[in-house]
Amino acid sequence: MARLAIVTGGTRGIGRAICEKLQADGFTVVANYAGNDAAAGQLKADTGIRCYKWDVGDHEATIAGCARVAEEVGPIDAVVNNAGITRDAVLHKMSYDDWHEVMRINLGGCFNMAKACFPGMRERGWGRIVNIGSINGQAGQYGQVNYAAAKSGIHGFTKALAQEGAKFGVTVNAIAPGYIDTDMVAAVPEPVLEKIIAKIPVGRLGHAEEIARGVAFLCSEDAGFITGSTMSINGGQHMY
Ligand code: CAA
C-alpha cells in the first residue's frame with residue numbers, strides 16, 4: 001500500500017511542487033493549508049490531492065487536523081513541514097506580533113506536526129520528517145531576526161528529534177532552500193532582490209521543483225541512513 005505523506009503549506013509554491021513530486025514518486029499525498037481556498041481548489045482539481053485547512057501554528061487545530069487525516073485517509077508516514085511566513089522588518093521597526101507570528105507558525109508548526117505524527121511513526125517503526133529551513137536560518141539576513149531565528153530553530157529541532165527517532169526507523173532531516181522563485185521571494189523589494197541574486201554563484205533564483213526533488217529523496221527508502229542532516233539547495237550562495 002502507498003505510504004501517506006502530508007505537506008504543510010502544500011497548495012502553493014514550494015509546497016505544491018513537493019506534493020506533486022511525492023505523488024509522482026508513489027506516495028498518497030494530502031496537503032494542509034491555512035487560508036487560500038482558491039489555491040487548494042486548484043491543486044485538488046489538477047492532481048486529486050485532498051486539502052485540509054488549519055493553522056499549523058495552532059496546537060489543538062493541528063492535533064485535530066492530523067487525527068482527521070488519519071481517520072479519513074490513513075496513518076501519516078511522512079511529514080513535510082513547509083508552511084512558513086515572513087514578516088520582514090529591521091529590529092527597531094519589528095513589532096512583537098511580527099516576531100511572535102513567525103515563531104508560532106514557522107517553528108511552532110514543526111513542533112505541533114511532530115506531536116501529532118511522530119508517536120504513530122515511532123510505533124509503526126517507519127517515518128520521515130522533512131523540515132524546510134532556510135539559508136537565512138544558516139547565515140542570518142538583514143531585516144529577518146524573526147525568520148532567521150525560527151529557521152535556525154528548525155535546524156536544531158531537526159537534529160534533536162532525529163536522535164529520538166533513529167532507533168525507531170524515523171528519520172528527521174532539514175532542507176535549507178536559498179532564494180527560490182516563489183511569491184515569498186517576489187515580495188522582496190526589487191533593488192534588494194537584485195543585489196541578492198548577484199551573490200548567487202549559479203546566477204539565478206532556484207525553482208520550487210529543485211527543492212521538491214531533495215525532499216522526495218529524503219522521504220524515500222533510499223535515504224534511510226540519512227538523519228539529522230541539512231541539505232542546502234541554494235545555488236552556492238552559502239556553503240555551510
Ligand atoms: N545589509 C546592510 N544594509 C542593508 C541591507 C543589508 N542586507 N539591506 C538594506 N540595508 C540598508 C539599506 O541600504 C538602508 O540603508 P540607508 O538608510 O543607509 O540607505 C537601510 O538598510 C534601510 O533599508 P530599507 O530602505 O530597505 O529599509 P526598510 O525598513 O524599508 O526595509 C527590509 C527593510 C524590510 C528588511 C527590506 O530591506 C527587505 O525587505 N529586505 C529583504 C529581506 C529578505 O531578504 N527577505 C527574504 C525574504 S524570502 C525568504 O525569506 C525565503 C527564504 O528562506 C530565502
Side-chain angles (χ1 to χ4, degrees), residues 7-19 21 33-36 39 56-57 80-110 113 129-159 173-215 218 229-240:
V7 181
T8 70
T11 60
R12 293 188 300 129
I14 293 174
R16 176 169 171 149
I18 295 169
C19 283
K21 175 63 178 152
Y33 72 105
N36 189 331
V56 291
V80 182
N81 283 312
N82 166 74
I85 62 164
T86 52
R87 291 276 188 91
D88 293 356
V90 288
L91 180 82
H92 69 274
K93 294 184 193 166
M94 186 178 286
S95 68
Y96 177 71
D97 190 55
D98 293 335
W99 165 263
H100 187 255
E101 275 300 278
V102 170
M103 296 302 284
R104 187 182 74 82
I105 294 168
N106 296 16
L107 183 55
C110 293
M113 287 298 294
I129 297 179
V130 180
N131 300 315
I132 304 300
S134 169
I135 187 174
N136 294 345
Q138 297 170 313
Q141 169 61 40
Y142 189 100
Q144 283 200 311
V145 294
N146 50 1
Y147 187 88
K151 292 293 187 180
S152 187
I154 284 177
H155 296 300
F157 176 90
T158 298
K159 290 184 246 187
N173 291 290
I175 296 225
Y179 282 72
I180 309 300
D181 190 5
T182 59
D183 292 347
M184 185 183 272
V185 167
V188 174
E190 194 154 339
V192 178
L193 189 57
E194 272 170 22
K195 282 187 202 147
I196 290 170
I197 295 173
K199 288 189 191 141
I200 303 174
V202 166
R204 62 168 173 85
L205 295 176
H207 304 306
E209 293 73 20
E210 292 173 309
I211 304 303
R213 288 195 282 273
V215 172
L218 292 172
S229 77
T230 295
M231 185 191 287
S232 296
I233 306 180
N234 62 27
Q237 190 184 347
H238 180 66
M239 300 186 185
Y240 189 67

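Just follow the structure's listing: the first ligand is 1, and inside any ligand the first atom is 1. Values in this document were obtained by computation on a predicted structure and should not be read as measured data. Side-chain atoms are counted along with the backbone in the values below, which use heavy atoms only and exclude waters and symmetry mates.
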Quiz item: Against heavy atoms of Met184, which atoms of ligand 1 measure under 4.0 Å?
Solution: 49 (C), 51 (C)
Quiz item: Hey, is atom 10 (N) of ligand 1 touched by any protein heavy atom at less than 4.0 Å?
Solution: yes
Quiz item: How about atom 3 (N) of ligand 1: does it have a protein heavy atom within less than 4.0 Å?
Solution: yes
Self-check item: Option set Ala187, Gly178, Gly140, criterion heavy-atom distance to atom 54 (C) of ligand 1, minimum
Solution: Gly178
Quiz item: Checking Glu210 side chain against His207 main chain: does a donor-acceptor pair fall under 3.5 Å?
Solution: yes
Quiz prompt | atom 51 (C) of ligand 1: nearest protein contact (heavy atom, Å) | solution = Tyr147 OH, 3.4 Å
Quiz item: Counting only heavy atoms on the protein side, is anything nearer than 4.0 Å to atom 29 (O) of ligand 1?
Solution: yes
Quiz item: Given the protein's heavy atoms, is any one of them under 4.0 Å from atom 25 (O) of ligand 1?
Solution: no
Quiz item: In the protein, which heavy atom is nearest to atom 12 (C) of ligand 1, and how far is it?
Solution: Tyr142 OH, 4.7 Å
Practice problem: Could you tell me whether a side-chain N or O of Asn234 sits under 3.5 Å from a main-chain N or O of Ala176, the two making a donor and an acceptor? | Solution: no
Self-check item: Neighbour count above 12 (heavy atom, 6.0 Å) for Arg12 CZ
Solution: no
Quiz prompt | Nearest neighbour in protein (non-hydrogen) for atom 27 (O) of ligand 1 | solution = Lys93 NZ, 4.4 Å
Self-check item: Protein contact to atom 34 (C) of ligand 1 [nearest heavy atom, distance to 0.1 Å]
Solution: Asp88 O, 3.9 Å
Quiz item: atom 44 (O) of ligand 1: which protein heavy atom is closest, and how many Å away?
Solution: Tyr179 OH, 2.8 Å
Exercise. For atom 16 (P) of ligand 1, state whether the nearest protein heavy atom is under 4.0 Å away.
Key: no
Quiz item: Would you say the side chain of Ile129 lies within less than 4.5 Å of the side chain of Met113, judging by non-hydrogen atoms?
Solution: no
Quiz item: When you look for heavy atoms under 4.0 Å from ligand 1, do you find them on the side chain of Lys195, its backbone, both, or neither?
Solution: neither
Practice problem: Determine, stepwise, if the pair Ser229 / Asn173 fulfils side chain to side chain donor-acceptor pair (under 3.5 Å). | Solution: CA-CA 5 Å; Ser229 77; Asn173 291 290; 2.9 Å; yes
Self-check item: Atoms in ligand 1 with a heavy atom of Gln141 nearer than 4.0 Å
Solution: 42 (C), 43 (C), 44 (O)
Self-check item: Heteroatom distance test (Thr86, ligand 1): nitrogen or oxygen, under 3.5 angstrom
Solution: no
Quiz item: For ligand 1, which atoms, with element, lie under 4.0 Å from some heavy atom of Gly143?
Solution: 35 (C)
Quiz item: Is the shortest distance from atom 7 (N) of ligand 1 to a protein heavy atom below 4.0 Å?
Solution: yes
Quiz item: What are the two closest heavy atoms between Gln141 and Ala148, and how far apart are they?
Solution: N-CB, 4.5 Å
Exercise. Determine yes or no for a side-chain-to-main-chain donor-acceptor pair under 3.5 angstrom, with Asn146 supplying the side chain and Asp98 the backbone.
Key: yes
Practice problem: Please work out which of Ile196, Val192, Val90, Asn136 has its closest non-hydrogen atom nearest to atom 40 (N) of ligand 1. | Solution: Val192
Quiz item: What residue and atom, counting heavy atoms only, is the protein's closest point to atom 36 (C) of ligand 1, and at what distance?
Solution: Pro189 CG, 4.5 Å
Practice problem: Please report the shortest heavy-atom distance between Asn131 and Cys110, naming the atom on each side. | Solution: OD1-SG, 4.0 Å
Quiz item: Is Gln144 touching ligand 1 with its side chain, its backbone, both, or neither, if touching means heavy atoms under 4.0 Å apart?
Solution: side chain
Quiz item: At a 4.0 Å cut-off, with the gap strictly under it, does some heavy atom of Thr182 reach an atom of ligand 1?
Solution: no
Quiz item: At a 4.0 Å threshold, what atoms of ligand 1 neighbour a non-hydrogen atom of Ser134?
Solution: 52 (C), 53 (O), 54 (C)
Quiz item: In terms of atom number and element, which parts of ligand 1 are under 4.0 angstrom from non-hydrogen atoms of Val185?
Solution: 48 (S)
